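Please read these numbers as outputs of a predicted model, since none were measured by experiment. Numbering of ligands and ligand atoms starts at 1, following listing order.
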Amino acid sequence: RKSGIENIPGPPSPSWIFGNTLQLLLPANYGDYEFTWLKLYGPIYRLKECFGQDRLMVSDPLAFQYILNSAQFVHAPILENFGHLLYGMKSVSTVRGDTHRRLHAALNTGFTAAAVRNYQPIFEKMAHVLTEQLEQSSASSINISPLLSTATLGAISEAVLGCSTEGLGEEFVANNSEIVMLASSQSAAQILANALGALLPISVFNAAFYLPTRAFRAIRKARYLAEDLGRRVSDSTKKGMSEEVVVAQTSLILIVGQETTANAVAFGLVELAMHSHFQNQLRAEIQSNLGANPHNVPYDSMPLLNAFIKETLRLYPAVALEDRVALADAVIPIMEGIKTSTEEIITQIPVRKGQFVTMAIASFQRLESFWGADSHEFKPQRWLERSPYKGETSVGPYANLLSFLGGLRTCLGWRFAILEMQVIICELVGKFSFTLPKDDPVRVRSAIGLLPIMSNGEKGASLCVV
Ligand code: HEM
C-alpha cells in the first residue's frame, strides 16, 4: 500500500539506492542541503530514504510535541538495534512503554536540580585539570576535543559511578576512545549498511554482536567492561535499583553523557574564536563573578554565560536528526496547513503504521519564523532581553530547545550537562583566549551525533590557545 505521505512535496531524489540520504548525511558541511530544503518546503516535507522509501521530515513544534509524547512513535529500528548492541536490552534508552516510564522516573532522582548541584565540585576539579593540560601545551594550536572528552568522561565516572577515570581502568579508557573514533565516521557504505541493517529482524541484527570486526569487537569490550563497572557501583548510588538494572544503565550513561557535552563545549569554543568581541565580553563577566565569589560562582545568574550556552545548543544540537517509526496509523497535527502536490491544503498529516519520521531538530532550531531572519547566525545576544523563541507551543526541558529532546524520552542528564558546561566554560574562558588557526577551519558532520571535524577529516576542533 502507498505510504500516505507520497503527496507531500519534497526535493527530487537523485538515486534509488541512496534517495536523498547522501545529501542529508554526507554534505561538505552539515545542513548544506537540509537548511536549503527547509527554506524551500518549510517545516514539513518528504525525502526519499535508501531503496525508494518515503521519510517524513518534521521541524514543526506542534508535530514534535505530539510525536514526543505519543507511545505510538518509537526509536527507528536502526537506532533501536544499535541501542541493544551498545547498551543491552534493559537500558532506559532501549526499553519501552511502562517499563521505560518507571525506569526513567527512578533514574531521574539522581539528576534533579539538587542532586546535580552536589556534582559541582567534581566538575570544577575536571575543569582545573583541563587548565593544567592547556598550560602545559606549547603547541601553536591544539585539538581541544580529546581533552574535553576525557574531562566529561571523568565527570560522569565520578558523579554517577563514584570512581575516578583511573578507576575505570586503562583498558576501558582506550576502548572508549576507539568507540568515539569509530562513531565519528560517516560514509556512503555506512549509510547503506544502516539502511540494510534496519531491514533485518532484530535477532539477525543482534547476531552481528559476535562478528569479528573492529567495530563489534570494541562494542563487545565496552559492554563487558561497563557491566563490570556497574557491578562496583555503591549501594548509595544505586538508590534501591537492582544490580542488574544499574549494570544495564552504566554503558548507556557513560556513552551518552560524554561526547554530547564535550562536542557542545568544542563547538562553543570555536564560535567564541570566531567572535572575539563577544568572547572578550564573556571573559569580563566571568572574571568579575569569579573575583567576587571564587567559592560560590553564581553560574545561573550570569547572563552572557547562559546566553552563550543556549545559542551553542541551538545551533549545534548533539542529536540533529532523531528518527522514529509509527507503531500504528496516526494523524500528526501541524501548526500551519501545507499544500500537497495535488493542490489540496492539509492541516494534519496522516501517516501509516511503519512510517519513518525524522524529527529535524537542527532545522527546528533555525526556523526563521520562530528564531528570526538571522536564525543561522551565532548571536548569543538574542537570548539577553527575553526568549527569542516566537512559537506558542513550548517544547523541550530547556529554553524551548529540543537539543535535550522532550516528552517521554527527555534527556535525563540535561541539568548535569548545563552545569558541567557552565563550569568548564567559566574556567577556560576566564583563563585563556581562543582564536582559530588559519589553515584548519572546523566543519560540522552528522555521524552518531553532530561532530566538529578538522581539515584532515578527523573528529576534533583545533584552536590557538593563549
Ligand atoms: C549537551 C549534552 C547532552 C545532550 C545534547 C543530550 C541529548 C540527549 C538526547 C537528544 C536524548 C534523547 C535520545 C533518544 O531518545 O534517541 C538524550 C537521552 C538521554 N540522555 Fe542526554 N544529552 C546530553 C548529556 C547527557 C548527560 C551528561 C547524561 C548523563 C550523565 C545524559 C543522559 C541521558 C540518558 C540516560 C538518556 C536516555 C533517556 C531516556 O531514554 O529516557 N545525557 N540525551
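- When each atom of ligand 1 is checked for a heavy atom of Ser93 under 4.0 Å away, the hits are 40 (O).
- For the pair Val160 and ligand 1, no heavy-atom separation below 4.0 Å is found.
- From the protein, the heavy atom lying nearest to atom 16 (O) of ligand 1 is Glu322 OE2, 2.7 Å.
- Shortest contact from atom 33 (C) of ligand 1 to any protein heavy atom: Val256 CG2, 3.6 Å.
- Nearest to atom 11 (C) of ligand 1 among the protein's heavy atoms is Cys411 CB, 4.2 Å.
- For ligand 1, the atoms sitting less than 4.0 Å from at least one non-hydrogen atom of His100 are 39 (C), 40 (O), 41 (O), numbered in the order shown with element in parentheses.
- Counting heavy atoms closer than 4.0 Å to ligand 1, residue Gln249 contributes nothing at all.
- For atom 38 (C) of ligand 1, the nearest protein heavy atom (residue, atom name, distance) is Thr410 O, 3.9 Å.
- For ligand 1, the polar-atom distance check against Thr261 finds no nitrogen or oxygen pair separated by under 3.5 Å.
- Atom 9 (C) of ligand 1 has its nearest heavy-atom neighbour, among Gly257, Gly110, Ser403, Pro317, in Ser403.
- In the displayed structure, Ile448 atom CD1 is contacted under 6.0 Å by at most 12 heavy atoms of other residues, nucleotides or ligands.
- Ranking protein heavy atoms by distance to atom 30 (C) of ligand 1, first place goes to Phe111 CE2, 3.6 Å.
- Atom 35 (C) of ligand 1 has as its closest protein heavy atom Leu412 CD1, 3.7 Å.
- Each of the atoms 39 (C), 41 (O) of ligand 1 lies under 4.0 Å from some heavy atom of His104.
- Looking only at protein heavy atoms, the nearest one to atom 40 (O) of ligand 1 is Arg409 NH1, 3.0 Å.
- Ring centers of Phe18 and Phe51: at least 6.0 Å apart, outside the cut-off.
- Neither the backbone nor the side chain of Glu420 comes within 4.0 Å of ligand 1, counting heavy atoms alone.
- Atoms of ligand 1 lying under 4.0 Å from at least one heavy atom of Val319, given by number and element, are 10 (C).
- Arg324 has a carboxylate O that lies under 4.0 Å from a charged side-chain N of Glu322, or vice versa, which qualifies the two as a salt bridge.
- Side-chain atoms of Gln422 and Asp300 form a donor-acceptor pair, as typed in the model, at a separation below 3.5 Å.
- No donor-acceptor contact under 3.5 angstrom links the side chains of Asp32 and Gln23, judged on distance only.
- Closest to atom 15 (O) of ligand 1 among all protein heavy atoms lies His75 NE2, 2.9 Å.
- In this structure, Tyr33 places its OH atom where only 12 or fewer heavy-atom neighbours from other residues, nucleotides or ligands lie under 6.0 Å away.
- Checked by atom type and distance alone, the side chain of Gln258 never pairs as donor or acceptor with a backbone atom of Ala151 at under 3.5 Å.
- Salt bridge Glu311/Arg382: present, at least one basic N to carboxylate O contact under 4.0 Å.
- Below 4.0 Å from some heavy atom of Ala318 lie the following atoms of ligand 1, by number and element: 5 (C).
- With a 4.0 Å heavy-atom cut-off, ligand 1 is reached by the backbone of Val92 and by its side chain too.
- Below 30°, between 30° and 60°, or above 60°: for Tyr398 and Trp414 the angle between ring planes is between 30° and 60°, a tilted geometry.
- Not a single heavy atom of Trp414 lies less than 4.0 angstrom from ligand 1.
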*Go through Glu427 and Val423 one step at a time and tell me if the side-chain contact (heavy atoms from CB on, under 4.5 Å) criterion holds.*
CA-CA 6 Å; Glu427 171 77 14; Val423 171; 5.5 Å; no

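- Gln65 contributes a side-chain N or O that, together with a main-chain N or O of Ser394, makes up a donor-acceptor pair within less than 3.5 Å.
- In this structure, Arg96 pairs ionically with Glu80, as a charged nitrogen and a carboxylate oxygen lie closer than 4.0 Å.
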